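Everything numeric in this text was worked out from a predicted model, so none of it was measured.
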Number of protein chains: 2
Amino acid sequence: MSRSGADLASLLLGGFRVLVGDATLELAKRGYEDVRPVHDFTMRAIAAGADNASELGRRLSVSKQAAAKTVAVLEERGYVARGPDPLDARRKRLQVTALGFEVMRVGEAVFDELRDRWKRQIGSKQLERLESDLVALVGPSPVLVERPGGIAHRLN
Amino acid sequence: MSRSGADLASLLLGGFRVLVGDATLELAKRGYEDVRPVHDFTMRAIAAGADNASELGRRLSVSKQAAAKTVAVLEERGYVARGPDPLDARRKRLQVTALGFEVMRVGEAVFDELRDRWKRQIGSKQLERLESDLVALVGPSPVLVERPGGIAHRLN
DNA sequence: CTTTAATCGTCAACCTGGTTGTCCACATAA
DNA sequence: TTATGTGGACAACCAGGTTGACGATTAAAG
């Protein structure tokens, strides 16, 4: 059928949207409202060691101010706690709370369930193939290889 | 290796970003700066018959005000022209200009070239397989099946 | 030890691409 | 003719980004 390159882009975006949209809906259904992928990513980065806003910004390829904003909402919702850093008075140390870890865990489970659904639809072999093709095309960690300068939010 | 569902989402988004990011860069290199996918989609919808802002909004699953804003930038850049509708004085009729059609054509070519690059990387068969799997999973026209209420921009 | 430079967090202003609500002009059905 | 619906414009707002500036603090250089 020889689809066009633009169609390919639509399909990739569509796949992402369906997956994330369904996940967000399911999360809300399980009591975690207003949790978005960006929150999950942020918590993961914090848990992985980005324990101050500037470092978090660097990890997420985003300005420290933007990172601080995200942290503010996460703190407000009780997913992240902020305290003084005993070693450096300039820093405020970030920590994922128990609730934060809980939402991360549930989110992971939801995504895995959705992936299982896809697996049943196209088959295990085929899904793995799809994933390895994508890895070959974009590299293993696309989120971190973003270009600087805010290209990410200019993609719409 | 059994990747997680969240990884799958990242891969899909990553694929989209790489493709669209490269395309935007290439478009800029060819003299069409500040053209984004949303502009292309909008022009296509107008060309396909959504010749007033309200109708355009419905086609794009977006409020008429949002559609009007997009049209305003398109008009400013000379890609779309707006005139009175002789049949209905409330409407302002939208038309894609010659320049608009040109950028659509070039954009298409760029995306097709990028798709060719991917084809060389993973093979023609495999790319077609990837596309048909995605079609099976999200349907043939994911852009139009968006949920109402602005879920689209809540996916980050 | 002091001065200089870098870094952290915060504030403010702004941009993009959306949203809602309100309003008036015009079209259409009763 | 009148009630209702629709198109476009304006305003206010929001999320999630951006820059620029600035005080406090730390680290490096002298």
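Salt bridge annotation for K92(A)-E55(A): absent, with no cationic side-chain nitrogen under 4.0 angstrom from a carboxylate oxygen. Checked for salt-bridge contact, E131(A) and R115(A) meet the test: a charged N lies under 4.0 Å from a carboxylate O. Between E113(A) and R30(A) there is a salt bridge, since a side-chain N of the basic residue sits under 4.0 Å from a carboxylate O of the acidic one. At a threshold of 4.0 Å, the pair R93(B)-D88(B) does not count as salt-bridged, since none of the basic side-chain nitrogens sits closer than that to a carboxylate oxygen. Using a 4.0 Å cut-off between a side-chain N of Lys or Arg and a carboxylate O of Asp or Glu, D51(A) and R91(A) do not qualify as a salt bridge.
Using a 4.0 Å cut-off, no side-chain N or O of S54(B) falls inside it from OP1 or OP2 of dT6(D). Of the side-chain N and O atoms in S63(B), none sit less than 4.0 angstrom from OP1 or OP2 of dG18(C).
Regarding R36(A), its CZ atom lies at a distance of 12 Å from the C1' atom of dC14(D), rounded to whole Å. Remark: C1' of dT6(D) and CZ of R93(B) are 18 Å apart, rounded to the nearest angstrom. Residue R17(A) contributes atom CZ, which lies 12 Å from atom C1' of dG18(C) at whole-angstrom precision. Atoms CG (N52(A)) and C1' (dT7(C)) sit 10 Å apart, rounded to a whole Å. We find that CD of E75(B) is positioned 14 Å from C1' of dA9(D), with the value rounded to whole Å. What separates CZ of R58(B) from C1' of dG5(D) is a distance of 12 Å, to the nearest Å. One interatomic measurement links the two molecules: CG of L74(A) to C1' of dA15(D), which rounds to 14 Å at whole-angstrom precision. L56(A) has its CG atom 17 Å from the P atom of dT7(C), to the nearest Å.
Between the side chains of D133(A) and Q126(B), at least one donor N or O lies within less than 3.5 Å of an accepting N or O. Side-chain atoms of Y79(A) and E102(A) include no donor-acceptor pair closer than 3.5 Å.
Using a 4.0 Å heavy-atom cutoff across all strands shown, V62(B) reaches sugar-phosphate atoms only and no base atom. Across all strands shown, D85(A) has no heavy atoms under 4.0 Å from either base or sugar-phosphate atoms.
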Report, one pair per line, the protein and nucleotides 10-12 of chain C atoms (nitrogen or oxygen only) whose separation is under 3.5 Å.
| unit_1 | atom_1 | unit_2 | atom_2 | d |
| --- | --- | --- | --- | --- |
| dT10(C) | OP1 | K92(A) | NZ | 2.6 |
| dT10(C) | OP2 | R82(A) | NH1 | 3.0 |

N/O to N/O distances under 3.5 Å, protein versus nucleotides 28-30 of chain C:
none

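Scanning for side-chain contact (heavy atoms from CB on, under 4.5 Å) contacts around R44(A) gives D40(A), M104(A), E108(A), with sequence neighbours left out.
Of the two residues contacting DNA chain D, namely A67(A) and A89(A), the nearest-nucleotide position lying further toward the 5' end is that of A67(A).
At least one donor-acceptor pair closer than 3.5 Å links the side chain of T70(A) to the backbone N or O of A66(A).
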